[in-house]
Structures are given as structure tokens and as C-alpha cells.
There are 2 protein chains.
Amino acid sequence: MATNIRDVAKAAGVSVATVSKVLNGYTTVNQKTKEKVLRFVKEMQFQPNSAARSLVGRRSMTIGIFLTTGLSHPFFTEILSGMEEALKENGYDLIYLAQFSWDNKEYSFVRHCQSRNVEGVVVFGFQHEDMSFEELIESNIPTLFIDLDVKEGRAGYISSDNEEAVERAIGYLIGLNHRKIGFLSGDKASYVTRHRFDGYRKGLAEAGITYREDYVAPGDFSREMGYQGMQKLLALSDRPTSVVCCSDMSAIGAMEAIRDAGLSVPEDISVIGFDDIEMASFVRPALTTVRQNMKHIGRKSIELLDRLIVDKELAPPEAIVPTELVVRDSCGPAKA
Amino acid sequence: MATNIRDVAKAAGVSVATVSKVLNGYTTVNQKTKEKVLRFVKEMQFQPNSAARSLVGRRSMTIGIFLTTGLSHPFFTEILSGMEEALKENGYDLIYLAQFSWDNKEYSFVRHCQSRNVEGVVVFGFQHEDMSFEELIESNIPTLFIDLDVKEGRAGYISSDNEEAVERAIGYLIGLNHRKIGFLSGDKASYVTRHRFDGYRKGLAEAGITYREDYVAPGDFSREMGYQGMQKLLALSDRPTSVVCCSDMSAIGAMEAIRDAGLSVPEDISVIGFDDIEMASFVRPALTTVRQNMKHIGRKSIELLDRLIVDKELAPPEAIVPTELVVRDSCGPAKA
DNA sequence: CTGAAAGCGCTTACAG
DNA sequence: CTGAAAGCGCTTACAG
């Protein structure tokens, strides 16, 4: 049906081996021959069968993607758009191994990758306790974790600079004379939450403010838990005048709780979000938040993975991406 | 490295052919043999190399996806989550052919599909005028278009019932005594806009209302154009008391224009959106809108495609998915 | 019911 | 510089 290497060899009057060599950039082939072959390749729109190629041990040029959340995680969308660019630039296609599910113990993700001849894997949405990555690490498949600090064998990771981000947010609030600053936590088990919490403590410490446990409300990034967490903070006799949240969604929930308590943002309480999702600029007051450069993270994750794939000796990378504080209308000076 | 069919054949003490046969469900193999083979397959976690499989003409179990928008289209996210389920149920993996770009004339998407041995393709985000689908149609690769009425060869499509949706929205407004109903158009060239416009005219006609060209504002689904389009409508001496929009984003833009003109929703003007994106329930007033069942569309698109792949004789499908009017706070009775 | 052999489309030593 | 041949891991007639 579709043209194969033999067709173009025949058309060009050379052997299959020669066509293969020009396709693979061997320098030993004569310039004239090379040009002739290339002409036919182009004319016949020949594109080598990737299955045959990977079968003989050549590169498959596919990267697998592995998510807890499914492809539809709102957040992942932006990561993807960054990945796309880098994928294209480096010649990869992206394969989503839909067959996999964690709960199926009979099934091995690693085996699936191998059966698909995937060259590398991006992993997103997992926490350490979710599972053991042993099999993946031992398989030696180049792997890049997003937002999880795995650095072992041929696996590295990339994440925002979560600690510095919150530290800076705290600094901003302190500049507005806040001293009573609450923290609306994300999922406790999560890598990013831990680092954001570290940033919180560090920011406080730098300003000489004593850490108060009751100023930290539990959460899980959701709007609902943001609402509930904020209610707890509001119930305090000596309640905070500001709060930094581990996600925009929970910040939005917090703002609702504040409003429902008859208070207002930012007059009574200042709130800072995290992520800068689209909605952050839509809510009223528009949310001041930490912008994560997810697009960059997506692009970089592919670039790092590519290097890991190409260079077998490369030490696993560890990339920390700067964030940006986007100041909008949800923070104001602390009430005296 | 990874175990192959020869390893399990050896372990089970049978020939490679026999292993292959049990793997492929041949009924000619002895029950005992079959069980033995299966035991080793499981024990050794054997998973056949998909490259070798597709090379011999067996199914590759991959579906390609083809988008104008990139994977990160906010809308596509929900479609994907529906696709995921159906992909899993039917044993496919999803491959995103990142290498492709429309502007590259040297490059053929069809050839890329062929070189990847993709069994079917889902196409999303294109309009008729964007390009010619000739090559794709002629290739006879089973194809499913989302939101574009291509039905030819082995290509079919799926879309929401756009016409009925707007017709019903109009009916709802008429029930609120509106007679002056505007239409905020989406991209003129788009399939969905055309059908929504048809629904608009039909809804009007059913209520015996004369169509007025000046009640139709141009747009492109964006917030900005929603804002501008609404401004045009507001400038009319005899302005509409309500407007149905071709997207939630443009409805949000329209609400801003109304507010900026010193009017309010729904007291002065009622507005209806389209899509029911997450933000629709966040804006104030919460947006009454047409909910598209994108998840169902995603799931169904894979199911239909699977049938098309499996049954070579199947006529190309055409699926129209019902919508739902989600009533929130952006519509009220027409002012007398 | 089972297995030996050919072949899918490529690449890569190897010989010339 | 070029090509014949072996082989990647599988499946499928075919013979037994």
C-alpha cells in the first residue's frame, strides 16, 4: 500500500541498504547518490515505517506520558502546550498509555512502555506514597517527574521553586504591614505542599515573626477545603489578617468563606493564591497569586528528557523553575 | 533485555508459533497447552512487542489525534477525559502526532499516520476552509471529526445538537417574555456557528418573531469579541432585551460590556452562554448556558472510531449529541 | 493439535 | 562507496 524503502530503492536504482544509509545520515555515501535518493524520498513522500525501525533497535521517537489525573487535569493543559513545542523541535511523538491503571496489579506500566518501545517517560500527578517507582527506576527507562523529587538511576525531576515563591509572597504581605499571616495548606502528602510550607516558615522567620500552629489550616487544593480551612482561621479569636493559599481554587474558596462571614477582601483580610489559573483574574477581587510557569516546565521537561535519552551517561537532572508574584486586587494593607 | 516470545516459548516448552496462537486467541490450541502458556505469559509478565506486531500487519492498537489547537485547548480537556475511558475499554493507546504542522507542505499527516501504523484518527478544531481533507479521505484511514460535518469514505463525525440547543434557548427566553433577542455569533466559518445560527432563526420563526439582521453581532467565541459585539447591540436605538451567545467566554465579555454601559444582567438584559465551562458558574451573575456533553462526545468518538476500524464495511457514522440548558442567574423576565 | 519457515520493513555489520 | 544477507519480534499459511 504505502511506499516502502524497497520502492524508493527501486525507483532510485540503488539498493535498500543505500537508501537506509542516506536516511540515517551515513557519511560514507556518495554525494550524487545521496541527492538522487533524497529526490525520490521526497517525491514519493517516503516516510520509514516506525515499527520496523524500532524493531531493529533504532529509536522509536516516542515519549510516553503517565498521569494520575488523566490527560484532563486542568493544570496539565498548560504543561502540555509547553511540551508540544519541545516535542516537535526534538522530533518526538507523544503517546498516552491509556491502558494503564494503577489498581491493576497484573499490569505493569514498565512492561507497557517496553512493549511500545517508548524512549522516555514523563510522570505527573504522583506523590511518593502513591506507589513505588522501583520497577520504573530499575527498568532504566529515562524518566522525568514533574513536581516530585525523584532523582535516582535515570530518573530526574522538574518543579517550580515552591519554597522561594511562598517566601516572597510572605515578604509582600509583610511589606503591607501584615504580621498575622495564615497558611492554607495543600495536600499534606504532596511534594509541593511541603516546600510551600517550608517557604512559609522561612518567610515568617526572616521577618522575625513567631510561627503559630493554629494559623495553618489543612487543605487539599480544592475550593471546598479552601472554604472550610478559611472558616477555621476565621473562628480564631486572634484571627490572621492575611492568608497565603496553596492553590487558586482554595484561595477562591477562602474568599467565599470570608465573604460569607460578612468580611471583605482585601479590606479585612488579604489573600494570595497559587498557580494563576485563568479564573484568578476573573474573580472579584481579582486574585493576587503566584504564577507558575507551567508552559516552561512542560517544554523543559521534554528537553531534559531528550538529553537523558540521548546521553546514557548523563546524571539525572533536577530543575527548579522560578515563579512570579502576580499582584492584583486581593491584598491590601493590614488593618491597624 | 525484556522477555520476548521466544523466552516464554522456551520456558513453556512449546514453539513460538504456539505461544503466538494462544496470545491471539486461536481456538485450535489444546486446552492444557494453552493454560501452560498463559501461566508463563503471566509469570514472566510477557507483553508482545507492539512494533513487531504492527509490522506483520496485526493491529497496532493506537489511535492518532489531530488538532489545530494543540492538546491544550481548554475545551479539549473534557473531550479527552471521555476519550480516555473508551480508549481503555477498547484497548487503544493514544498517540499525539506532534511532528505535524499544517504550514509545512513537505510534510504529510497521512504519511505520518501510516508510518506510525495508526489505526484511526480523531480530528478536532478544524473548519472546512482550513484545509483540504482529501489526502486523509483518500488514504482510507478511519477518521472521526469532532464538530465538523465530514462524511465521506471512511470518515464520519460527531457534534452537539447545536441547532436544537439554540432553538431551545430562544424558547426559554420567549417564555420570559423576551421578543427582542440578539445573537452573538461565533466564528462565521465554523460549522457549529452555522448550526447555532440556524437554531436562532428557527426559534425566532417558531415564535413568529421577525428576524432582524442588526440583532446579530459578529464574533469569534472570544471574550474580547463578545465585549465588542455586545457594544454594537447596545448602541442600537431599539436594543435587544436579551442575547444568546455562541460561547461562555463571549457571554462573559458581553456581560462586561453591559455592566460597563451602566446596565445590569439580568434586570436590563438577559444573557445565555454556550458550553458551560467551569467559569460559567463562577461569574456573577452565574451564567445560564447551554451545556455541551463534551465528555460523552469524547467517549463516543472513540467508540464510533473503533467500530469503523473493526468493520471495514461500516458506513461512516454521524452522531448528534443532545445538549442541556443549565438555568442559572443571568436571565430574567423581559422589561415591559 | 503443533511447529518450521517465510515474511513484515527496516538497519547494520561485513565483504567487495 | 555500494549491496547481499542476517536479524529485530512477531504472525500466519502450510505441512504433518
Side-chain angles (χ1 to χ4, degrees), chain A residues 1-38 40-41 44-62 91 93 111-119, chain B residues 1-38 40-41 44-62 91 93 111-119:
Chain A
M1 184 89 269
T3 50
N4 62 27
I5 198 174
R6 208 158 50 223
D7 298 332
V8 351
K10 207 169 293 175
V14 297
S15 77
V16 160
T18 300
V19 176
S20 176
K21 278 170 198 157
V22 346
L23 253 23
N24 289 289
Y26 280 55
T27 51
T28 60
V29 28
N30 175 50
Q31 189 59 27
K32 278 262 179 342
T33 317
K34 185 172 168 183
E35 280 164 14
K36 186 168 53 177
V37 169
L38 251 18
F40 282 99
V41 165
M44 304 171 80
Q45 293 220 63
F46 172 64
Q47 185 138 22
N49 183 311
S50 62
R53 245 188 183 173
S54 22
L55 194 55
V56 292
R58 265 257 149 190
R59 306 191 51 186
S60 71
M61 299 312 286
T62 57
D93 287 329
R111 294 273 3 181
H112 194 163
C113 287
Q114 284 166 165
S115 91
R116 284 283 187 199
N117 303 292
V118 152
E119 293 197 71
Chain B
M1 185 87 271
T3 51
N4 62 27
I5 198 174
R6 206 158 51 223
D7 298 332
V8 354
K10 208 169 291 175
V14 297
S15 77
V16 159
T18 300
V19 176
S20 176
K21 277 171 198 156
V22 347
L23 253 23
N24 290 289
Y26 280 54
T27 52
T28 61
V29 28
N30 175 50
Q31 189 59 26
K32 280 260 183 328
T33 319
K34 185 173 168 182
E35 279 163 16
K36 186 169 53 176
V37 169
L38 250 18
F40 282 99
V41 165
M44 304 171 80
Q45 293 218 62
F46 172 62
Q47 184 139 21
N49 182 311
S50 62
R53 245 186 183 174
S54 23
L55 194 55
V56 292
R58 265 257 148 189
R59 305 192 50 186
S60 71
M61 299 312 288
T62 58
D93 286 330
R111 293 273 6 180
H112 194 163
C113 288
Q114 285 167 164
S115 91
R116 284 283 185 199
N117 303 291
V118 152
E119 293 197 70

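So that the names make sense, note that chain A is the first sequence line, chain B the second, and so on, each numbered from 1. These values consider heavy atoms only, across backbone and side chains, with no hydrogens, waters or symmetry-generated copies.
- Between A/Val22 and A/Leu38 there is a side-chain heavy-atom pair separated by less than 4.5 Å.
- Between B/Tyr26 and A/Thr27, the residue whose closest nucleotide on DNA chain D is further toward the 5' end is A/Thr27.
- In this structure, A/Arg53 reaches the C/dT11 phosphate: one of its side-chain N or O atoms is under 4.0 Å from OP1 or OP2.
- Rounding to the nearest 0.5 Å places OG1 of A/Thr62 at 7.0 Å from CG of A/Asn117.
- B/Asn49 has its CG atom 18 Å from the P atom of D/dG7, to the nearest Å.
- Per the geometry, CZ belonging to B/Arg58 stands 17 Å off P belonging to C/dG9, to the nearest Å.
- Side-chain proximity of B/Thr33 to D/dC10, C/dC1, C/dT12: nearest is C/dC1.
- The interatomic distance linking A/Arg6 (CZ) with C/dC8 (C1') rounds to 9 Å, in whole Å.
- Between A/Ser54 and A/Arg116, the side chains place no donor N or O within less than 3.5 Å of an acceptor N or O (distance only, hydrogens not considered).
- Identified under the salt bridge (charged side-chain N to carboxylate O under 4.0 Å, His left out) test for residues 16-37 of chain B, with sequence neighbours left out: none.
- Atoms CG (B/Asp7) and C1' (D/dG9) sit 11 Å apart, rounded to a whole Å.
- The CD-P distance, from B/Gln114 to C/dG9, rounds to 12 Å in whole Å.
- Minimum interatomic distance between B/Leu23 and B/Phe46 (heavy atoms only, all atoms of both residues): CD2-CE2, 3.4 Å.
- When the nucleotides D/dT11, D/dG9, C/dA13 are ranked by their closest atom to the side chain of A/Leu55, D/dG9 comes out on top.
- Nearest nucleotide to the side chain of A/Val29, out of D/dT2, C/dC10, D/dG9: D/dT2.
- Consecutive Watson-Crick or G-U pairs involving DNA chain D, each under 3.5 Å on both distances, make up stems of three or more pairs at C:1-3 with D:14-16, C:5-12 with D:5-12, C:14-16 with D:1-3.
- Regarding B/Lys21, its NZ atom lies at a distance of 8 Å from the C1' atom of D/dT12, rounded to whole Å.
- Residues B/Val19 and B/Phe40 form no side-chain contact, since every pair of their non-hydrogen atoms from C-beta on lies 4.5 Å or further apart.
- A donor-acceptor distance shorter than 3.5 angstrom exists from the side chain of B/Ser50 to the backbone of A/Ser115, with no hydrogens or angles considered.
- Here the side chain of A/Val56 is nearest to one of D/dC10, C/dT11, C/dT2, namely C/dT11.
- Between B/Ile5 atom CD1 and D/dG7 atom C1' there is a gap of 16 Å when expressed in whole angstrom units.
- Here the side chains of B/Asn4 and B/Asp7 are in contact, with some heavy-atom distance below 4.5 Å.
- For A/Arg59, the CZ atom is densely surrounded, since the number of other residues' heavy atoms within 6.0 Å is greater than 12.
- The interatomic distance linking A/Arg59 (CZ) with C/dC10 (C1') rounds to 17 Å, in whole Å.
- Looking at residues 10-18 of chain A, you'll see A/Val14, A/Ser15, A/Ala17, A/Thr18 sit with a heavy atom under 4.0 Å from some atom of DNA chain D.
- Checking D/dC10, C/dC10, D/dT2 against the side-chain heavy atoms of B/Ala52 singles out D/dC10 as nearest.
- Side-chain proximity of A/Asn4 to C/dC10, D/dT2, C/dT11: nearest is C/dC10.
- Put simply, the side chain of A/Arg111 reaches to within 4.5 Å of the side chain of B/Thr3, judged on heavy atoms.
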